[in-house]
Participant: 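Sharing a structure below in structure tokens format, with a few things to ask.
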Amino acid sequence: MAQSDFYERVYHMTRQIPYGRVTSYGAIAKAIGSPKSARVVGYALNASAGNIDIPAHRVVNRNGMLTGKAHFLGSQAMQAQLEVEGISVKNNQVQNFQKYFWQPPVLSLDN
DNA sequence: AAATTGACAGCTT
DNA sequence: AAAGCTGCCAATT
């Protein structure tokens, strides 16, 4: 059992991010039904640090900046991983962020 | 139980 | 336009 359903939703949504794409905390928060919980999304991902099953490196802030970079195991792990996936990172910022941005599907609570 | 913190985002000055 | 302040929600101390 995970910490809470909220965390589970964040992890689940993060796992859905396709290879070579990125998204934002706010987008995930909105997708799980709490658009104001962007901070909590980051908090959840922080707790998931070290979980290779969760591509947290594909999650950045709305500016496309690697704000969570410092929280990874390696100081350059996040940027390196993104570049491996074909995403250009310059000065802790994703280039062509809008182009690589992946809009997470809104969870159907009614379903 | 109350106060502080935090991988954000939006509004105000 | 750029910098600062406030709001939000769950977790931690």
Side-chain angles (χ1 to χ4, degrees):
Chain A
M1 190 56 191
Q3 292 78 8
S4 66
D5 294 336
F6 230 101
Y7 274 43
E8 288 186 42
R9 291 183 207 182
V10 173
Y11 297 150
H12 182 76
M13 189 61 68
T14 305
R15 285 192 211 100
Q16 307 312 308
I17 305 176
Y19 182 96
R21 299 277 192 223
V22 293
T23 192
S24 68
Y25 303 95
I28 294 177
K30 186 172 184 177
I32 65 179
S34 295
K36 301 301 183 182
S37 301
R39 308 186 75 169
V40 185
V41 172
Y43 210 84
L45 290 177
N46 180 24
S48 76
N51 271 334
I52 62 173
D53 296 326
I54 304 177
H57 58 270
R58 296 178 187 150
V59 185
V60 295
N61 73 350
R62 72 173 185 93
N63 255 333
M65 190 174 184
L66 279 57
T67 50
K69 164 182 168 181
H71 296 259
F72 281 78
L73 303 182
S75 57
Q76 300 295 325
M78 189 176 188
Q79 177 173 339
Q81 187 65 24
L82 288 172
E83 291 188 332
V84 165
E85 299 190 0
I87 299 174
S88 300
V89 178
K90 197 73 171 183
N91 194 15
N92 294 343
Q93 188 175 331
V94 175
Q95 304 301 295
N96 306 312
F97 175 61
Q98 191 174 17
K99 174 183 175 182
Y100 293 114
F101 185 80
W102 174 77
Q103 178 63 38
V106 178
L107 252 69
S108 302
L109 304 176
D110 192 51
N111 187 18

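Worth saying up front: this structure is predicted, and the values here are computed from it rather than measured. Residue numbering restarts at 1 for every chain, and letters A, B, ... go by the order of the sequence lines.
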Participant: Could you please name the option among B:dG10, B:dA7, C:dA10 that lies closest to any side-chain atom of A:Arg62?
Facilitator: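 Nearest nucleotide to the side chain: B:dG10.
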Participant: Please report, rounded to the nearest Å, how far the P atom of C:dC9 is from the CZ atom of A:Arg9.
Facilitator: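 To the nearest whole Å, that distance equals 14 Å.
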Participant: If only atom types and distance count, is the side chain of A:Tyr11 paired as donor or acceptor with the main-chain N or O of A:Ala44 below 3.5 Å?
Facilitator: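 Yes.
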Participant: Please classify the nucleic acid contact of A:Phe6 as base, sugar-phosphate, or nothing, using heavy-atom distances under 4.0 Å.
Facilitator: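 Here A:Phe6 touches the backbone only, sparing every base.
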Participant: Without decimals, in angstroms, what is the distance between A:His71 NE2 and B:dA7 C1'?
Facilitator: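 That distance rounds to 5 Å.
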Participant: Measure from CD1 on A:Ile28 to C1' on B:dA9 and round the result to the nearest Å.
Facilitator: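 Distance check: A:Ile28 CD1 to B:dA9 C1' gives 14 Å.
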Participant: With rounding to the nearest 0.5 Å, note down the distance linking CG in A:Leu82 to NZ in A:Lys69.
Facilitator: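 Interatomic distance, A:Leu82 CG to A:Lys69 NZ, rounded to 0.5 Å: 10.5 Å.
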Participant: Please name all residues satisfying ring pair (Phe, Tyr, Trp, His ring centres under 6.0 Å) with A:Phe97, sequence neighbours left out, ordered by chain then number.
Facilitator: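 Only A:Phe101 meet the ring pair (Phe, Tyr, Trp, His ring centres under 6.0 Å) criterion with A:Phe97.
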Participant: Would you mind classifying the nucleic acid contact of A:Ala44 as base, sugar-phosphate or nothing, using non-hydrogen atoms under 4.0 angstrom?
Facilitator: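 Since no nucleic acid heavy atom lies under 4.0 Å of A:Ala44, the category is nothing.
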Participant: For A:Lys30, does the NZ atom have more than 12 heavy-atom neighbours from other residues, nucleotides or ligands under 6.0 Å away?
Facilitator: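 No, because the 6.0 Å sphere around NZ of A:Lys30 holds 12 heavy atoms or fewer from other groups.
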Participant: Separation of A:Glu8 atom CD from C:dC9 atom C1', in whole Å?
Facilitator: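 In whole Å, C:dC9 C1' and A:Glu8 CD are 17 Å from each other.
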Participant: Test your reading of the model: is there a side-chain donor-acceptor pair from A:Tyr100 to the backbone of A:Gly86, 3.5 Å cut-off?
Facilitator: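 Side chain of A:Tyr100 to backbone of A:Gly86, a donor-acceptor pair under 3.5 Å: yes, one is there.
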Participant: Would you indicate what A:Asn61 reaches in the nucleic acid, counting non-hydrogen atoms under 4.0 angstrom: base, sugar-phosphate, or nothing?
Facilitator: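 Counting heavy atoms under 4.0 Å across all strands, the contact made by A:Asn61 is with sugar-phosphate only.
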Participant: Looking at every strand, decide which applies to A:Ser24 at a 4.0 Å heavy-atom threshold: base, sugar-phosphate, or nothing.
Facilitator: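 Counting heavy atoms under 4.0 Å across all strands, the contact made by A:Ser24 is with sugar-phosphate only.
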Participant: Enumerate the protein-to-nucleotides 5-8 of chain C contacts in which both atoms are nitrogen or oxygen and the separation is below 3.5 Å.
Facilitator:
residue	atom	partner	partner atom	Å
C:dG7	O6	A:Arg39	NH1	2.7
C:dC8	N3	A:Arg39	NH1	3.3

Participant: Measure CG/A:Asn46 against C1'/B:dC8 and give the value in whole Å, please.
Facilitator: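 Rounding to the nearest Å, CG of A:Asn46 and C1' of B:dC8 are 14 Å apart.
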Participant: Give the rounded distance in Å between these two atoms: OH of A:Tyr7 and P of B:dA7.
Facilitator: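 Value for this atom pair: 12 Å.
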Participant: Any sub-3.5 Å donor-acceptor pair from A:Arg21's side-chain atoms to A:Trp102's backbone N or O?
Facilitator: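 Absent.
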Participant: Once you round it to whole Å, what is the distance between C1' of B:dT5 and OH of A:Tyr43?
Facilitator: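 In whole Å, B:dT5 C1' and A:Tyr43 OH are 6 Å from each other.
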Participant: Would you mind reporting whether A:Asn92 and A:Gln79 have side-chain heavy atoms less than 4.5 Å apart?
Facilitator: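 The answer is yes; the side chains approach within 4.5 Å.
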Participant: Take atom CG of A:Asp5 and atom C1' of C:dA11, then tell me their distance rounded to the nearest Å.
Facilitator: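 Result: 15 Å.
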